[in-house]
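Structure, as structure tokens:
We're numbering straight along the sequence, starting at 1. Because only heavy atoms are used, hydrogens play no part in the values below, and waters and symmetry mates are left out as well, while side chains stay in. Remember, it's a predicted structure, so these values are computed and weren't measured experimentally.
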Amino acid sequence: LRSLVDYSRYNMSINTTYFPNTLPAFYWSSSTSASNPFNAWGIFFLDGSGNSANKSSLSVVRAVRVGQTPSSPCLPDIKANGEDGPVTVSAQTPVSITASLAPGDEDGKQADWWLILSAFDEIYSLTSTGWMAGIEPLIQYPLVTVSPAQIYSGLLPVGNYAIYFGVDTNPNNTLDEPLFYDYVKIHVVP
């Protein structure tokens with residue numbers, strides 16, 4: 001459904017020559033929201049924005065079919081001490097976190113890049129200005145191959161950590177779909 005959006009247009013962000021009679025309304029997709037199973041994703045064709053809404057809401061639908069399955073999917077990868085995790089270390093053991101990306105068929109596509117940390121019942125994001133509370137994008141940049149790059153090396157306080165590295169190919173500075181991500185869990189003991 002998102003592939004029908006024409007972001008160069010506003011007040012009908014779809015080519016009305018090919019899709020006449022499109023309403024400036026929310027159109028349902030078949031994708032359930034991962035964060036709330038009572039919601040589903042859709043597109044608002046007035047401006048092309050994507051959002052989720054409660055499945056009991058009334059909206060319109062458009063029949064679409066999925067294109068070919070990518071022969072090479074986008075694969076973010078994040079590791080702690082060279083492992084996918086979960087990793088358990090002592091507070092005296094240095095932790096090295098690396099991230100890499102194989103963009104596959106998405107190579108060159110503009111995307112939002114995300115690096116998110118969940119620790120101590122809080123969520124933090126790495127941004128261009130440093131770590132911030134909440135969910136904020138790191139950068140908006142085309143997808144490229146990234147060889148394993150060290151993003152942290154040092155000691156961590158005792159606690160439980162989950163670090164997420166991902167990209168979404170809807171470059172709007174909002175964490176949404178299509179989202180490709182990986183995560184690693186780290187448990188630091190005394």
Worksheet item: CD of Q140 to OG of S128: how many Å apart, nearest 0.5 Å?
Response: 12.0 Å
Worksheet item: Given side chains that start at C-beta, do those of E177 and D168 come closer than 4.5 Å, heavy atoms only?
Response: no
Worksheet entry | Gap separating the OG1 atom of T93 from the CD1 atom of I186, nearest 0.5 angstrom | 12.0 Å
Worksheet item: Hey, mind stepping through L175 and I116 against side chain to side chain contact (heavy atoms under 4.5 Å, CB included) and telling me if it holds?
Response: CA-CA 11 Å; L175 184 60; I116 297 172; 4.2 Å; yes
Practice prompt. Sorted by first residue and then second, give each ring-ring contact (aromatic ring centres under 6.0 Å, His included) pair with at least one member in residues 31-51; sequence neighbours left out.
Written response: Y27-F45
Discussion item. Just verifying a value: how many Å separate R2 CZ and N170 CG, rounded to the nearest 0.5 Å?
Written reply: 3.5 Å
Worksheet item: Do V95 and V89 touch side chain to side chain, with heavy atoms closer than 4.5 Å?
Response: yes
Practice prompt. Under the side chain to side chain contact (heavy atoms under 4.5 Å, CB included) rule, what do L23 and V60 come out as? Steps first, then yes or no, please.
Written response: CA-CA 9 Å; L23 300 173; V60 291; 4.1 Å; yes
Fill in: Y181: ring pair (Phe, Tyr, Trp, His ring centres under 6.0 Å) partners, not counting sequence neighbours
none
Practice prompt. Decide yes or no on side chain to side chain contact (heavy atoms under 4.5 Å, CB included) for D77 and D84, but give the supporting numbers first.
Written response: CA-CA 8 Å; D77 188 36; D84 290 321; 3.7 Å; yes
Discussion item. With heavy-atom distances below 4.5 Å as the criterion, would you say the side chains of R62 and T22 are in contact?
Written reply: yes
Discussion item. Can you give me the closest heavy-atom contact between A80 and V87, atom names plus distance?
Written reply: O-CG2, 3.6 Å
Give every donor-acceptor pair under 3.5 Å between a side-chain atom in residues 146-159 and any protein atom, sequence neighbours left out.
from	atom 1	to	atom 2	distance (Å)
Q150	NE2	S96	OG	2.8
Y152	OH	L155	O	2.6

Worksheet item: What residues form a ring pair (Phe, Tyr, Trp, His ring centres under 6.0 Å) with F26, not counting sequence neighbours?
Response: W28
Discussion item. Are L138 and I78 connected into the same hydrophobic cluster when the rule is that any two of I, L, V, M, F, W, Y join if their side-chain heavy atoms are below 4.5 Å apart?
Written reply: yes
Worksheet item: Between N81 and E83, is there a donor-acceptor pair closer than 3.5 Å when you use the side chain of the first and the backbone of the second?
Response: no
Practice prompt. State which residues pass salt bridge (Lys or Arg N to Asp or Glu O under 4.0 Å) with K109; sequence neighbours excluded, sorted by chain then number.
Written response: E106
Worksheet item: Do T127 and P137 touch side chain to side chain, with heavy atoms closer than 4.5 Å?
Response: no
Practice prompt. Indicate yes or no for a side-chain donor-acceptor contact from E136 to the backbone of S125 under 3.5 Å, with no hydrogens or angles considered.
Written response: no
Discussion item. Is there a path of hydrophobic side-chain contacts, each under 4.5 Å between heavy atoms of I/L/V/M/F/W/Y residues, joining Y183 to I135?
Written reply: yes
Item to complete: Would you mind listing every ring-ring contact (aromatic ring centres under 6.0 Å, His included) that reaches into residues 119-150, with sequence neighbours excluded?
Response: F120-Y161
Fill in: Chi angles and distances behind the side chain to side chain contact (heavy atoms under 4.5 Å, CB included) call for I123, L117
CA-CA 6 Å; I123 294 179; L117 167 68; over 6 Å; no
Worksheet entry | Donor-acceptor under 3.5 Å (D105 side chain, S72 main chain) | yes
Worksheet entry | Distance in Å, N39 CG paired with S31 OG, rounded so as to fall on 0.5 Å steps | 12.5 Å
Discussion item. Could you tell me if the side chain of I97 sits less than 4.5 Å from the side chain of I163, heavy atoms only?
Written reply: yes
Discussion item. Regarding S59 and S57, do their side chains bring together a donor and an acceptor under 3.5 Å, going by distance alone?
Written reply: no
Worksheet item: Any idea which heavy atoms bring C74 and V167 closest together, and the distance?
Response: SG-CG2, 3.8 Å
Worksheet item: Would you say the side chain of L4 lies within less than 4.5 Å of the side chain of F19, judging by non-hydrogen atoms?
Response: yes
Practice prompt. Kindly indicate whether the side chain of S29, heavy atoms from C-beta on, has any atom under 4.5 Å from the side chain of L1.
Written response: yes
Worksheet item: Would F180 end up clustered with W113 when hydrophobic side chains under 4.5 Å apart are linked, directly or stepwise?
Response: yes
Discussion item. For the backbone of Q92 and the side chain of S90, can you confirm whether one donor and one acceptor N or O come within less than 3.5 Å of each other?
Written reply: yes
Discussion item. Any heavy-atom pair between the side chains of K55 and T32 that's under 4.5 Å?
Written reply: yes
Practice prompt. Treat each ILVMFWY residue as a node, draw an edge where side-chain heavy atoms are under 4.5 Å apart, and state whether L126 and L143 are in one component.
Written response: yes
Discussion item. Evaluate S49 against D47 for side-chain hydrogen bond (donor to acceptor under 3.5 Å, both in side chains), listing each step before the verdict.
Written reply: CA-CA 6 Å; S49 62; D47 61 5; 2.8 Å; yes
Fill in: Linked, directly or transitively: I14 and I43 (ILVMFWY side chains, under 4.5 Å)
yes
Worksheet entry | Crowding at CG, D121 (>12 non-hydrogen neighbours, <6.0 Å) | no
